[in-house]
Amino acid sequence: MTSVDEQAVLRPRSDAAESQLSRRRRQHWEARTGVIMALPVIIGLAVFMIGPMVASLVISFTDWQIGTDAKFVGLGNYSFLVGGDPLFWKSLWVTLYYTLCAVPLVLVVGFAVALLLNTKVKGQGLFRTAFYLPSLVPIVVSAVLWNWMFNPDFGLFNEILKSVGLPTSLWTFDERTVVPSLVIMAMWGFGNIMVIFLAGLQDVPTHLYEAIALDGGNRWHAFRNITLPLMTPIIFYNLITSLIASIQTFEQAYVMTHGGPNNGSLFIVYYLYRTAFTNGMMGIRPPWPGLCSSSSASSRCCCSGGHAAGSTTAWEAHDEGECSPAAEESRGDLRPPRPGSHPHPPATGVAPPQLGDGRRADLLEPTRVDP
Amino acid sequence: MYWGSSYEDRAVRDMLRTYTEESGSPTAPMFTPGSKDQYNTKMNVLVAAGEAPDVSYAHAYMAYSMAERGLTLNLLPSFDKYPQLADRLPGTYYFWDDDKCLGTETGPTINCLYYRRGAFDEAGLQYPPATAEDAWSWEEFVEHADRLTIDRNGRHPSEDGFDSDGVEQYGVSGFFDNFSWYAFVRSNGGDLVNEDGTEYTLDSPEAIEALQHLQDLVHKHRVSPFPRPGGSSGTNTSTDLRTRRVAMAFDGTWAMLNLNEEDIDYGIGVHPRHQESLTVQQSGCTLINARTPTPDEAIEFYLFFNDPTNVTELFTSGLWMPLERKYYVNEEDIRFWTDNENHPPEFRTAVIDYIQTNSVTTYGQRLRNMARIRDVLEPAIEVIQQGRESAEAVCRNLRDQIEPLLAGAYPNPMEAA
């Protein structure tokens, strides 16, 4: 039995321990609840993002056409992309060109309009709604709409240009103007970025502007020394999200141009989609011009010639592992040999295997033995 | 699984319902509105998931690719059991080897020269010829296109003061779309490749001349609107004719559906001739999944589906044309699908006779490795369209890009027979 005094001494300790225990329990509960609450997102991230990313990485090391068995080809696909696929470089350039044009323009226009809409003018709400509305239009709808407006013969834009005596353009019908046209279209949807800028501008403390006004500063001084520095995080955020969105551009090519004309709008994501999902070629199938692989189904390999976009790829058949300089030198023409002749007598190997009807065996689809 | 317009979807669903009622076999329609990337993507995903449909449409290169991966049923062994399968138009067959037939076209089509009658009446011109024997020469065709191209001041391109920025009506369009350019190359004695598909030949003088003629229609004669890049969305034949923007347009026979539905007063002519008057026959095919658990039922459904008596509306509307030869040679069978207001009188000579005597199948239906070949061929054709490079320069440059991809041609023993 404890005395009353002892109880008086122990009680606070017991209360403290209980309180600590309770706090721990609460923390534990909070942590558990937090994990449970976050679980759907974590599962979603793992299943729909990380899983496919890992799977894509694994697939990238294989030769796999949908419906066939995958074969490990090491870095063959990467080697082909870098050294043998002119469309890959073209699509990279198109995406870079579009990004370099669209992102700065959309940021500048979005920021400028946000500055204007941040001033107290009559009909402010109406203007904000009007500028934001285009970003609510689904991309497919706006793509179809803009395609009509871009039509060089019957479109709205050329009609306007003609009516004021200006020269017309071929817009999306010309490989030289297709990307600039799509940039103009992208600028139409600056509403989202503008709203974020506007929210940022409204957080800039007004007393700073009052202070600079008292010091005799004008609007430029206020913009240069207050607005711009305080908006830097917002500008940076918009820059990063715009860059990501721009690099992922897909719908315009998918709906409007199909990557044309002359691959002038072949964005990298659209090219990836077309190769993997439309053509079903998850991995390329060696041997293939420009690819050096040791897992060729026909035990032959091809060599990369470091081709520039649009240049002739070079190929010569030779035995597996014979990617020698001599073999490289002997390469010249990829054409299949015609009956009775070979365009380039093979110095280091044999002619591409040819079937009886003139087909080149190495370019044929693999025949699957159905289970 | 199939693609098409909502109209085609409705007709196919009706046909499936009828088939289920008559046979007792359940059917489940899988419709994809888009016929291009979307459809192929869906098909590839279903194949990857092991859930490919029993019977499906497929584009030529997709069908061959699936066949070579062992994913399609070989129908050749069934030809004896089902004679209807063996008596179709020869150019409609898809063989991926001499003794391996993956099916036939879903419905054969050819490219035609559509024209708005009103445009010819207003210009005081005779309608385009509807028989191969009477086909216009290329010069006559260009002359008519010139007379039908009118600027806002009523001038034609060959007249002084013609305002090419203010054209009210163009003479012709569509000659680069849907393999149309290939018909002109073939009609001039050229081709994309040699017969066995191993050598590039589009840089022959005949092919270059035909393609240059097409480029000239846009950039020299100025009788055509700027051709749209392949595959891009935009105007179509019915819109062009209905809005009087164009007087003549090359397009496939499937365009008749929209022309009829929009009540356009149109006629059909044959292609102008270079060395001869030729058109292209083309269509995706219908195939059967090799892994179907019920192959016999699938073949019976395949035949039911291709029988015009079961999907009459699709044929009488002008959208489809029959596969069996009897529908092109027997008077009664011809009347069954053409004796209606949707088929103009000249359809008999300009399409039914023309497809049998003056048509060639497209290279897309013939060549191996088409998925890769079209990646370089279609952009090159777009360069010709744009007019900054001559057809000769483009065709010569194309040799080095296409030749490495040539892997031969698919056989068609039915055509050889």
Side-chain angles (χ1 to χ4, degrees), chain A residues 65-68 86-87 143-144 147-148 151-154 158 162 168 170 172-175 178 254-264 273-274 276-281 289 310-313 315 333-336 338-339 354-355 357-360 362-371, chain B residues 36-37 40-41 43-45 47-48 52 61-62 64-71 98 165-167 170 196-200 225-235 243 245 290-291 368-369 371-372 375-376 378-380 382-383 385-386 397 399-401 403-409 411:
Chain A
Q65 258 200 305
I66 290 175
T68 63
L87 288 185
V144 172
N147 226 17
W148 275 97
N151 187 296
D153 292 297
F154 314 119
N158 275 357
K162 281 180 210 167
T168 56
L170 291 175
T172 52
F173 282 45
D174 188 328
E175 66 179 290
V178 62
Y254 183 67
V255 178
M256 295 173 72
T257 62
H258 284 237
N262 193 23
N263 294 318
Y273 166 84
R274 195 171 79 182
F277 299 106
T278 303
N279 293 339
M281 293 190 288
S311 70
T312 307
T313 46
W315 183 91
D333 196 337
L334 299 188
R335 76 190 69 182
R338 290 153 207 162
Q354 214 172 2
L355 303 184
D357 55 3
R359 290 177 282 151
R360 233 174 72 180
D362 57 300
L363 289 180
L364 301 185
E365 306 289 343
T367 302
R368 181 191 176 94
V369 180
D370 222 26
Chain B
K36 291 176 180 163
D37 289 350
N40 290 343
T41 301
M43 178 67 93
N44 271 320
V45 169
V47 169
Y61 62 91
M62 182 79 177
Y64 284 129
S65 170
M66 289 177 67
E68 287 169 339
R69 283 179 269 162
L71 300 171
D98 283 329
D165 281 336
V167 177
Y170 281 103
D196 62 6
T198 57
E199 189 184 348
Y200 171 80
F226 200 87
R228 61 182 186 156
S232 73
S233 55
T235 61
T243 56
R245 288 167 173 167
R291 295 168 190 175
R368 296 175 184 273
N369 206 27
R372 285 163 187 152
D375 272 351
V376 294
E378 290 174 6
E382 288 171 350
V383 173
Q385 289 179 194
Q386 290 175 32
N397 289 338
R399 169 173 284 276
D400 287 340
Q401 294 175 56
E403 283 241 327
L405 304 175
L406 295 180

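Below, read A as the first sequence line, B as the second, and so on, with proteins coming before strands; counting in each chain starts at 1.
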S.K.: Measure the shortest side-chain to side-chain distance between A:M281 and B:R372 over non-hydrogen atoms and say whether it is less than 4.5 angstrom.
M.R.: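 They are in side-chain contact.
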
S.K.: What's the shortest heavy-atom distance between A:Q65 and B:S65, and which atoms?
M.R.: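 A:Q65 and B:S65 have their closest heavy atoms at NE2-OG, 3.8 Å.
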
S.K.: Shorter than 4.5 Å, heavy atoms on both sides: which option in B:D375, B:V376, B:N397 has the most such pairs with chain A?
M.R.: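 Top option by heavy-atom pairs under 4.5 Å: B:D375.
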
S.K.: Flag the pair A:Y273 / B:T41 as yes when at least one side-chain heavy-atom distance between them is below 4.5 Å, and no otherwise.
M.R.: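 Heavy-atom side-chain distance check passes, below 4.5 Å.
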
S.K.: Under a 4.5 Å heavy-atom cutoff, which of B:P225, B:A371, B:A48 has the most pairs with chain A?
M.R.: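 Top count of heavy-atom pairs under 4.5 Å with chain A: B:P225.
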
S.K.: Any side-chain to backbone donor/acceptor pair from A:N262 onto B:V383? Under 3.5 Å, distance only.
M.R.: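 No, because the side chain of A:N262 does not come within donor-acceptor range (under 3.5 Å) of the backbone of B:V383.
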
S.K.: Run the salt bridge (charged side-chain N to carboxylate O under 4.0 Å, His left out) test against A:D153 and tell me which residues pass, sequence neighbours left out.
M.R.: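 Partners of A:D153 under the salt bridge (charged side-chain N to carboxylate O under 4.0 Å, His left out) test: none.
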
S.K.: Do A:P261 and B:R228 come close enough that some side-chain heavy atom pair is under 4.5 Å?
M.R.: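 Not touching, per the 4.5 Å side-chain cut-off.
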
S.K.: Applying side-chain contact (heavy atoms from CB on, under 4.5 Å), name anything that partners B:D165, two or more places apart in sequence or on another chain.
M.R.: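 For B:D165 the side-chain contact (heavy atoms from CB on, under 4.5 Å) partners, ignoring immediate neighbours, are A:K162, A:T168, B:D163.
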
S.K.: Please report the shortest heavy-atom distance between B:P227 and A:F173, naming the atom on each side.
M.R.: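 Looks like O-CD2, 3.4 Å.
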
S.K.: I'd like to check B:E382 versus A:E175 (side-chain heavy atoms, cut-off strictly below 4.5 Å). Are they in contact?
M.R.: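 Contact flag for B:E382/A:E175 side chains = no.
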
S.K.: Step by step, work out the side-chain contact (heavy atoms from CB on, under 4.5 Å) result for A:F277 and B:N40.
M.R.: CA-CA 7 Å; A:F277 299 106; B:N40 290 343; over 6 Å; no

S.K.: Does any heavy atom of chain B fall under 4.5 Å from the side chain of A:L87, the backbone, both, or neither of them?
M.R.: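 Side chain only.
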
S.K.: For B:V47 and A:G67, work out which heavy atoms get closest and say how close.
M.R.: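 Scanning both residues, the minimum pair turns out to be CG1-CA, 3.9 Å.
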
S.K.: Let me know if B:Y170 has heavy atoms under 4.5 Å from chain A in its side chain, its backbone, both or neither.
M.R.: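 For B:Y170, side-chain heavy atoms alone lie under 4.5 Å from chain A.
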
S.K.: Within a strict 4.5 Å, meaning less than it, do heavy atoms of the B:Y61 and A:N279 side chains meet?
M.R.: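 Yes; the side chains approach each other to less than 4.5 Å.
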
S.K.: Using 0.5 Å steps for rounding, measure from the CE atom of B:M66 to the CD1 atom of A:I66.
M.R.: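 Nearest 0.5 Å value for the CE-CD1 distance: 10.5 Å.
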
